[in-house]
Amino acid sequence: MNFSLLFMFYIGAAEFHENSLLAFDKGLANGVEMLELDCHLTKDHQVVVHHDPSLHRTTGHLGYIKDIEYAKLPAINNKIQLYCDSDLTISCDNSPSNSDLLRIPLLKDVFARYPTTPINIDIKVNDDELIKQVSDLIQKYRREHITIWGSFSHTVCRKLTLQNPRIIRFCSFKEAAYVVFAYWTGLLPFLPLTPGAFEVPIPGEVFQKFTENINWKYKIILYLAERILNNKSMFAHLQRRGIPVYVWILNNDREFQYAFTEMGVTGNAFVPHSLSSTFRVSKQKAHMANARTDAIIDAWKSKAGLTLSAEEEQKLKAWFAGAAERIQTRREGGKKLFVELTAAVESNDSAKADELLKKLREGFRQLSEGREKALDEFDNILSADQRARIVVAAVKQAKESGRPIKFALILSLVVFLSHGKLQNIDHLKMASAIFTTFLCRQQRFLTLTRSPVATQLWTRLASTSVQQQQQQTANKPVNLQQLKNLKVDYQDDIAVVQFNQENSKVNTLSKGMMDEFVPLFEQLQNDDKVKGIVVMSAKPGSFIAGADINMLESAKNRDELFKISRNGQDVMHKIEQSRKPIVAAIAGSCLGGGFEVALACHYRIAMNDKRTGFGVPEIKLGLLPGAGGTQRLIQKLSLPDALDLVLTGKEVKTKKAKSLGLVDAVVEPIGPGLQTAEEKNIDYLRSVAVQKAKELTFKKHVKPQPGLLENIKSKIMSTSYVQNYIFEQAKKKVMSQTQGLYPAPLKILDVIKQTVESGSKVGYNAEAEGFADLGTTSESKALISLFHGRTECKKNKYGKPEREVKNIAVIGAGLMGAGIAHVSIDKGFNVILRDQTTKALSRGYSQITKGYQGYVKRKRLTNTEYDRILANLECQTTFDNLEKCDMVIEAVFEDLGLKQKVLAEIEQRIPEHCVFASNTSALPIHEIAANSKRPEKVIGMHYFSPVDKMELLEIVRAKQTSDDTVRSAVSVGLKQGKVVIVVGDGPGFYTTRLLMFAGAEVFRLLQEGASPKDIDKATKKFGFPVGSATLFDEVGIDVAAHIARDMQSVFGERLADKSMPALFQDLVSNNLHGRKTGQGLYIYQAGVKGGDREVNPKFTELIKNYAAEAKEQVTTESIQWRTGLRFLNEAARCLEEKIITSPTDGDIGAVFGLGFPPMKGGPFRFMDTYGVSKIVDLMNSYRSKYGERFAPTQLLVDMAKEDKKFYS
Amino acid sequence: MAFRCSFQKGLIHLRQSNTSSIRLVTTKTTASASSSTQKQSQPSGQQQQQQQRTSSPTTGTSSSNKTKSLKGLGRDVVFIDGVRTPFLTSFTSYKDLMGYHLARHALLGLIKRTKIDKSTPEYCVMGTVIQEVKTSNVAREALLSAGFPENIPGHTVTMACISSNVALASAANNIATGLNEAVIAGGVEYMSDVPIRYPRSMRKLMLSLNRAKSTPQRLGLITKMLSLKNFTPEAPAIAEFSTGEIMGQSADRLAAAFNVTRREQDEYAQRSHKLAQEAAEKGHLDDIVPMHIPGAEDVVSRDNGVRVSTLEQMSKLKPAFVKPHGTVTAASSSFITDGASASLITSVEKAKELGLKPKAYLRRYIFTSQDPKDQLLLGPTYATAKLLEQAGLTLNDIDVFEFHEAFAGQILANLKALNSDYFAQKYLNRSSKVGEIPLEKFNVWGGSLSLGHPFGATGVRLVTTAANRLIKENKRLALVAACAAGGQGHAMLVERYQ
């Protein structure tokens, strides 16, 4: 609510008796904008308006109002003294025609007579009944939004807030003292303030009169008190916090000027004790307007460095005066129109309302014409250069003061600069909306959602053009009787809308869903029988899982994406603005668009089960939450929390969401009763939500007051300095984590920053623009393609195995073995972890328990669950119970002989059906199975380290492996939560092969004199999470040496020349094994991280023996391309050789196994985006320089010729 | 002696294979019972006696005759009498005592009531839940402090709210197997004082302080203790260890799962209090042994938790556990109580020898357990269903029901579960529901909601009340059932002795 610039009217107008209807009439006619009155109860419990509790001064009757019944109250005298100045007597004739209006009025009469005039009510006595009656009257006459009440007494003030927290309250004396004290001690910015408005006395004529006769000492004290109370910067601070400042009592020009220009108060109250007829409110207003104009022009001169000639200044002043006058007349006209409109709407006279709306629209048209004309005039006065200076200065000033730049201001400034041509229809709409708000500020109903009339008007106004558009495009009404994706039923006066997407396990915000939801929602809004709405899901485990990705993908261009976002925002806006309470009852995943729906609702109830989670994962698809998500999150959360959610896309569970304040109430799931637990829970959630919705229909939801600490925290957070710091830090973090390769996080930061700085109107627009921008980026497309690929690789494409695997034995309790056990024991498998020594077992066991204890600490698991999961693990050095196993996963050291030995040993003990899987990164599976009795049961399962974190599982199918074995392995892998690709049994399979080909080039570069640091820098810049040189240290140079030797013998020169295996061997024999031995290409020391590590001098020394001639300068680009092209070419070759079956598998393998930059979508997606023929050209050019290892594979050559793509 | 040993062996053997064979026998006999009551597969003297008794017109009960397997295993076990201290809300008149004081009083009261000699009982078992560490075997401490001969051993058992049911069961076992002839079974709970501990980190430091050898070592440990966290005490957890959930929350969820409304719960709670008050006024609750407390003005002779309030008053209460939408309130939950109970269990022969007239036979009993999260308090349903099935009875055969009332919502949920075909098929492994329990036979002298619920002592109160009601109402068969933390349940069949 914005009560800025109010002229308040104390007690009575100059000519008429205080607190009489006649006096009010007169005052309002003179331009007063608000009435101030005191209330009392009569003996028969009627609320009357009167200043004193006694009747003596006004009526001459000795006695108190509370002792007399209303009917018996005497009339007001024709001569009464002013309470604050007994010298003055107001007199007038009590002619019979006035007598009704000169009675002591009833409060309800006042309300009825001035339905739209704001009133300030002062409750002087501590009387519960009076408070309740006044509150009821205010509610009855729907005046909550145009009432301020208050009292000097703090006790009464507290009661007022308790009675009706929605009515703005003046501060009590105690609170005023608290504010002043806090201000002077410097604590004010950090303290919470409950009152909605602040009022202080200001030294004026009346005061001087009061204090004329007092002792000089008191005069000094009084003087000091005045200085302390009236402080401009304190007022400014309060106003910035949305608390208007009113002063009393002003009575002449000098005082007005002092208050408004020097003190900058919001409004005043005055006692027109001066009977001089020259004194008029309107005069003061004009005076003030002039003062303001002067102030604005002064500011431009001083702050924007604007030089104005005297003539120009004169012209400007005239322009402002003209504008003020025009606005005044429009305002008056608008006021009248709206009073009529309100009456028409209230009396359901739709014909009249339509007519008036037409008139209003015509008014807008004239208005924009008039405005353009005015702007043209303005343009004529100032040159473009001068205007630009003004804009820059305004924005700068707003930033410095930490005040949001008023969107209206910016818009008008933009208009100034663009010569008043508003091309964009949205801008025009927004401009008219802003103007409407501005125009109706007096009546205030449009800014206030609480008034039902206002909402109706607002929606009608705002949606007129949108509706027209919609009607043109989609002209088929949805049949609400045959909803496909929604279910509606009614419980008493609450409508329960259940999302129930047809033919789908989860709900998404698909087009079909929205097409049904919007008209249904409108209908419910207009249905008088419906008092509140509950939205929930009919599907267990999914509230709404997000927007429909297919819908996003099918958007053809930026405009369509923009429209999708705008539509989303509009729908959410409608939900939020609904005058009927909407409760979201959430069970299951509530992500992305679903979360945005929930945020727009008025109250959120969430089920505290494992499946319920909240989050905006759009960033994972390179997008941003485009249906108001960024906006509502920063409203609901502190900035760091909001950024955390939006920038990571992480999912928070119900408990956490509650503590963050995203959820208002939590429902614990209940067990099975007379139905299944699932049905029962939906019912239960529903009944709780319906109960809450009913409650909300008569009691508005009041957020629990934050504590002092919270308040201080939020105050600190809201200072622009802290906010800027937060943004800087967030940006730094984003840059360091993404190398600036992902546009989405940066865009999100930008959108949020704009919102915080310039308010949500700008924010919503920025969000939609950002969404459209991001949706068209190749990064987003790549990420979406990966999302699809991942989903595909999480499905079982190979079918069910004949026998379900239940018991697994893992042989070898090393890092990998323990990791494999780790991901198996919580998935319903019984796991035997076997190693030769108890020491090795203990290490493995500790690794697993440490991992699970981490989950307990992060509350992902309870202690009992932890105990139960660990009960599925058996550690042993023997081969006991192997005869019960359905699968054995061997994870011993990478040595062919050893693996064969283990296989032989195990095969004696396992049953016929048991699958033997070898976890190896490069050893050929058919060789491991060479001596097997059941080679068809042998398969490779290449896990990646650390197993519990890396999502990929590469299943290696040898020639002799049976289909059923593959099915067993795939189903186990999927159950372990892995993304599974099945690859052929070629040397290095798929991932290791790519790694070695790129790695061979890395070593070649090193041989040519590049430093490992250069390599790391270049590859990280390309988007690899770990630099390619460091990667070898991580994998282990000994392991790599092994593989390099084997692969070199197969691929020969195409991989690398003979120096590479020799170099590797040399490194290994010098104990440079990589990270595990503390030295490899780098030196590893505790406490030294990432980029600070030093290159191992031993390595620099060793590599000198293998130096190769550099054919050209090694640059970041050449490193990226040389390693990259080898990688890409080999990926294509794997596809050609049918090592992988599809480009999707290839992309998933490279991204999830090798860390290929996800925003490039994987090697195949990258080649598609970049252009296969360009890749081939590049390869050919490198080939001419570096030889055959850069020869593009035939597949690429063919594709380039035919201009084909991997993904059609 | 040799005979006894072989008898026991046989018994153990029988017990191992009992359930299925018993069930078999039961079904067979229920089928044949209608045609001929005399055609028994295992005729024995006692059973015939029993048959005659049941068919004799003097009993006037409506029970059917298919009760062949009513008899437990081994010898008949009789319940001579049971007594208890008044059950008081914690922190009232008992607040300066210790738990064993209450148990001692119950034992003395039992001796006084049964008029036996203190040397007659051969053994004593007591149940308790929250242990006072100083008297962890409270049974023995109570015996000693009550002046029983030193050669009577005693042990303490715990099984949450059904601890004294376990005490009764083990006493009954000892009689049935012939190990003992007369055993005291009882229970005690004292919640006015519970062991509050230092946190684990502090305990660790304190314990190592004991073992520190040198002063610098000690000082080092002491400086480590100086953290606020170390001085934050830990009260005994009221939450279920395995699920972390407070029982009240579970009860609330259970009520919701069975569509038990707030109104129904309030009405049930009111009923419990009303009936308890009536019973006290009519003098039915004569198992109470008034207790003199040192320094107190007057003797404590009544339970002090019974409070009949209006539904309107009750409806004003806010939910106590699940806020804000829960339905379980303080009024519909059993309150924290101090109290003790004791009973004398003997063989028939011993009773005759001592000239005692037993009140009832303790027949079959059963302990069950189920999901400790969502069905925490459904024990009575599972136990009732299984026990009736084993005994070949239906609910119609039962004349007196005494169920432990943890929460009004829990009782009503159990009643609904027993009366649900869906629940029976899905969870009880039955083709149809167990049936509806008529409320006029159910807890008519009040229950744990109104009388109070000292965890360790309630079981004996239930059995005593059941036996007393059988006599007062001139009926034959009673069913006692109770739920307990950990998702466990208990049920026992009590038959009037005539």
Side-chain angles (χ1 to χ4, degrees), chain A residues 491 494 534 583 585 587 603-610 654-655 658 663-696 699 701-704 856 859-871, chain B residues 200 237 239-262 264 319 321-328 370-379 381-382 409-410 412-428 433 486-487:
Chain A
Q491 193 165 333
I494 304 297
V534 169
V583 175
Y603 196 90
R604 285 160 292 281
I605 300 174
M607 185 68 90
N608 182 27
D609 60 7
K610 292 223 153 148
T654 304
K655 274 271 165 73
K658 174 83 170 66
V663 161
D664 299 294
V666 173
V667 169
E668 292 291 332
I670 55 175
L674 304 173
Q675 294 151 283
T676 64
E678 221 152 54
E679 292 165 350
K680 206 48 238 181
N681 270 317
I682 290 183
D683 267 14
Y684 182 47
L685 182 65
R686 179 196 159 113
S687 70
V688 172
V690 167
Q691 193 189 332
K692 186 72 208 178
K694 277 186 194 163
E695 200 184 308
L696 286 177
K699 207 166 106 192
H701 173 53
V702 188
K703 281 251 162 196
V856 174
K859 307 232 164 106
R860 253 176 67 185
L861 287 180
T862 66
N863 250 318
T864 312
E865 282 164 332
Y866 164 84
D867 289 337
R868 284 195 171 189
I869 288 169
L870 263 294
Chain B
R200 176 87 190 244
E240 201 69 11
F241 182 75
S242 61
T243 60
E245 190 180 41
I246 296 168
M247 197 180 273
Q249 280 171 351
S250 199
D252 208 316
R253 295 193 301 111
L254 188 72
F258 284 91
N259 304 336
V260 179
T261 63
R262 166 84 186 258
E264 285 174 296
F321 303 101
V322 176
K323 291 161 193 167
H325 52 263
T327 51
V328 174
Q370 68 285 342
D371 173 13
K373 170 94 183 153
D374 291 331
Q375 302 191 341
L376 181 73
L377 302 173
L378 279 184
T381 302
Y382 282 88
Q410 166 257 338
L412 294 167
N414 274 292
L415 295 183
K416 289 194 182 193
L418 284 167
N419 199 20
S420 156
D421 280 328
Y422 169 83
F423 193 85
Q425 282 154 11
K426 187 98 192 269
Y427 295 98
L428 300 178
K433 63 188 180 184

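So you know, we letter chains A, B, ... as the sequences are listed, proteins then strands, and number each from 1. Heavy atoms only: backbone and side chains are in, while hydrogens, waters and symmetry mates are out. Keep in mind that this is a model prediction, so the values were computed, not measured.
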Notebook entry, point to check: Among B/D421, B/D374, B/D252, who wins on heavy-atom pairs under 4.5 Å with chain A?
Noted result: B/D374

Checklist line | Heavy-atom contact with chain A under 4.5 Å, split by part of B/Y422 | finding: side chain

Note to self: Walk me through whether B/H325 and A/Q691 qualify under side chain to side chain contact (heavy atoms under 4.5 Å, CB included).
What the structure shows: CA-CA 8 Å; B/H325 52 263; A/Q691 193 189 332; 4.3 Å; yes

Notebook entry, point to check: Under a 4.5 Å heavy-atom cut-off, does chain B meet the side chain of A/T676, its backbone, both or neither?
Noted result: both

Check: Of the listed residues (A/P672, A/A665, A/P669), which shares the most heavy-atom pairs with chain B below a 4.5 Å separation?
Finding: A/P672

Next item on the list: Supply the atom-to-atom distance A/T862 OG1 to B/E245 CD, rounded to the nearest 0.5 angstrom.
Entry: 12.0 Å

Margin query: To the closest 0.5 Å, what do you measure between CD (A/E668) and NZ (B/K373)?
Written below: 6.0 Å

Check: Non-hydrogen atoms of chain A under 4.5 Å away: do they reach the side chain of B/N259, the backbone, both or neither?
Finding: both

Note to self: Rounded at 0.5 Å granularity, tell me how far CZ in B/F258 sits from CG in A/L674.
What the structure shows: 5.5 Å

Note to self: Does any backbone or side-chain atom of A/V667 lie under 4.5 Å from a heavy atom of chain B? Answer side chain, backbone, both or neither.
What the structure shows: both

Checklist line | chain A contact via B/T243 - side chain, backbone, both or neither, heavy atoms under 4.5 Å | finding: backbone

Checklist line | For B/A257 against A/G671, the heavy-atom pair lying closest together | finding: CB-O, 3.3 Å

